[in-house]
Participant: 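Just dropping this structure here.
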Amino acid sequence: MTARRLDPALLLVAPAVLYLAVVYAVPLGLLLVKSVRMPDGFSLSSFVAFFADPFSWRVLGNTLRIALWTTLVCLLVGYPVAFALARAKGLPQTALLVALILPLSVGVVVKAFAWQILLRRDGLVSGTLVSLGIVDEPMRLLFTETGLVIGAVNVFLPFMVMPLYSVIRQIDPRLMEAAATLGAGPFHAFRRVLLPLTLPGAVAGIAFVFSLSIAMYVIPSLLIGDRFQTLATLTGRSFLFMRNERLGSTTAAVLLAVAIAVVMGSGWLARRMGAAR
Amino acid sequence: MVAFLDIGGAEKRFGAAAVLQGVDLSVAKGEFVSLLGPSGCGKTTLLRIVAGLLAPDRGTVVLDGADILRLPPHKRDVGVVFQNYALFPHLSVAENVAFGLRAHGRPAAETDATVAKFLDLVRMGEFARRPVQMLSGGQQQRVAVARALAVGPKLMLFDEPFSALDRKLRETMQIELRRLLRDLGTTAIFVTHDQDEALVMSDRIAIMNRGAIEQLAAPAEIYESPATAFALDFVGLSTRFEGKVVACAGGTAEIETAAGRLLGKGNYIPGARVTVGVRPERVRVGGALEPGENGVELPLRDAVYLGSKLLLHFDLPEPDRAVAEIGAAGFVLPAAGTRATLRWHFDDTLVFPEAPAP
């Protein structure tokens with residue numbers, strides 16, 4: 001043994017690394033190997049077949065479209081919520097935090113079933129829209145993409161609000177006052193001060209919500225049904241119902257690649273926007 | 001005096017607490033006025049009202065002939081230097097200074113020239129490209145001053161800008177800032193709880209206490225003729241006795257105190273409670289009482305040697321206190337506990353009616 005000592009930080013992360021390696025990395029590796037392993041050796045033929053099928057592209061499009069809409073709505077709804085949360089004090093802040101965190105303890109399945117009831121033609125959402133005069137006659141949102149996005153936003157909103165909140169909380173409220181006294185109107189001050197400073201939180205939230213929503217399985221299964229397939233539901237069906245492990249492992253690999261690309265891409269974009277300020 | 005800034009009857013309550021109770025303040029163009037008072041006296045609240053960051057419950061704010069009370073802060077032409085500087089952490093030194101100029105839509109070439117000029121004025125030119133987080137407190141302070149001045153505000157407000165700096169740096173910054181503002185002809189209001197800072201920098205000082213201005217005057221007048229017992233206490237050292245008027249005739253009151261009977265100017269009803277004060281450099285120690293002098297005999301508690309002078313503190317039960325300042329040269333210090341005569345001229349005796357209960 002040399003005198004070189006182990007970095008204590010390595011010891012601190014060792015249990016987590018070990019756990020993830022056993023229950024996550026190894027099975028994931030096996031799954032990915034399945035997608036390229038043929039009876040006669042290794043080949044990318046299952047990917048070639050996947051991308052040659054127009055149905056696959058539709059599934060990929062479905063997945064990305066739903067994830068983009070979910071992320072966008074979460075961002076637009078979550079940004080002001082995060083501000084309210086960061087600026088509130090005492091009881092209102094506690095109430096907001098509870099309202100945000102507590103629903104996480106309700107299972108996704110329960111929430112999805114609840115949305116099934118709300119989104120029916122005779123459900124609460126349709127009834128409210130009719131009585132507000134926004135739509136003329138009752139509409140069914142269940143088994144539509146809109147309904148799916150509504151349900152997904154409900155489930156994933158906390159994952160957008162929390163990173164934004166933790167960033168906004170760190171921002172000195174005096175900065176906006178300073179901007180105002182320097183002659184910056186609210187829009188200029190927001191664009192030049194708040195937006196760049198909250199960007200890291202927004203990027204983290206986008207990465208969270210996007211990667212969660214392209215991989216969601218239970219929510220689309222219950223809110224839109226089998227006619228509408230995403231990469232995640234297709235992967236699940238391939239393994240559970242179709243016993244087609246090759247297709248399942250291929251779609252899983254594609255899903256993983258998309259998720260990684262989006263998370264890394266958003267980080268890169270944020271750095272670029274930061275540099276171009 | 002033609003008022004450049006005119007604050008009239010400013011009132012502000014936070015819940016049950018009256019933070020400002022009808023403050024009037026007029027500031028002339030180019031003048032430097034300090035708001036001096038303990039924390040919670042309402043000085044920062046008043047500053048925020050002028051900046052437009054807080055709306056008063058009642059009152060008027062007129063700047064350069066225009067009522068600015070209803071204007072949002074970004075339309076007021078009032079610059080602020082905050083206590084914690086509030087520099088934009090994501091911008092460089094130069095970008096911080098350019099922020100206001102860009103917000104005003106100045107052309108890029110003009111902006112660059114103005115930024116360079118103001119960074120040079122605060123001697124931060126060589127740090128232009130640094131991130132602000134890498135600067136020391138004093139450097140951040142200079143950037144904050146340059147940033148606020150660069151847009152050419154009609155009025156500058158300073159909210160205890162030097163309170164986080166160490167003493168030496170603070171003294172340098174005080175003199176530098178005063179010189180800079182004088183050169184630029186900038187009108188300024190400066191909030192501080194540091195009496196030395198106020199005395200050094202100000203054309204006039206407003207002594208604030210419990211949401212009201214107790215005295216507004218030049219530093220020398222504040223020191224030599226404090227208007228209230230609070231002003232006497234808050235600025236400089238002083239001897240003070242609580243007392244009761246026993247007789248009053250011809251503008252002269254005879255006051256009974258724990259240290260003896262004293263004479264002071266003023267018309268009081270016998271029985272009125274008053275505070276008698278005198279500045280330490282007006283007090284002579286030892287020697288015989290001369291005509292026209294007040295005198296008390298007290299035991300010496302301790303002496304503080306300050307180089308050119310000595311501060312002698314005498315024993316008195318609270319809240320009374322006695323302090324004398326004398327030249328250190330050639331003075332033979334009596335032992336602690338020795339009784340000494342303190343005497344001062346009748347004209348130097350300050351008498352204040354008892355402050356109304358809070």
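Basis for what follows: all heavy atoms, side chains included, without hydrogens, waters or symmetry-related copies. Labels below follow one simple rule: chain letters A, B, ... track the order of the sequence lines, proteins then strands, and each chain is numbered from 1.
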Participant: Picking from B:Pro89, B:Ala150, B:Ala148, which has the most non-hydrogen pairs under 4.5 angstrom with chain A?
Facilitator: B:Pro89

Participant: Assess, by modelled atom type and distance only, whether the side chains of B:Ser34 and B:Ser202 contain a donor and an acceptor separated by less than 3.5 Å.
Facilitator: yes

Participant: Heavy-atom count check: over 12 atoms from other residues, nucleotides or ligands less than 6.0 Å from B:Glu126 CD?
Facilitator: no

Participant: Look at A:Glu177 together with A:Arg174 and state whether they make a salt bridge at an N to O cut-off of under 4.0 Å.
Facilitator: yes

Participant: Would you mind checking which part of B:Arg147 comes under 4.5 Å of any heavy atom in chain A, side chain (CB onward), backbone (N, CA, C, O), both or neither?
Facilitator: both

Participant: Hey, can you tell me if B:Phe158 and B:Phe32 have their rings parallel, tilted or perpendicular (30° and 60° cut-offs)?
Facilitator: parallel

Participant: How are the rings of A:Tyr79 and A:Phe190 set to each other: parallel, tilted or perpendicular (split at 30° and 60°)?
Facilitator: perpendicular

Participant: Which atoms of B:Phe82 are under 4.5 Å from chain A, going by heavy atoms: the side chain, the backbone, both sets, or neither?
Facilitator: side chain

Participant: Relative to chain A, which segment of B:Asp77 carries a heavy atom at a distance below 4.5 Å: side chain, backbone, both, or neither?
Facilitator: neither

Participant: Measuring heavy-atom distances to chain A, does B:Val78 have an atom under 4.5 Å in its side chain, in its backbone, in both, or in neither?
Facilitator: backbone

Participant: Under a 4.5 Å heavy-atom cut-off, does chain A meet the side chain of B:Leu101, its backbone, both or neither?
Facilitator: neither

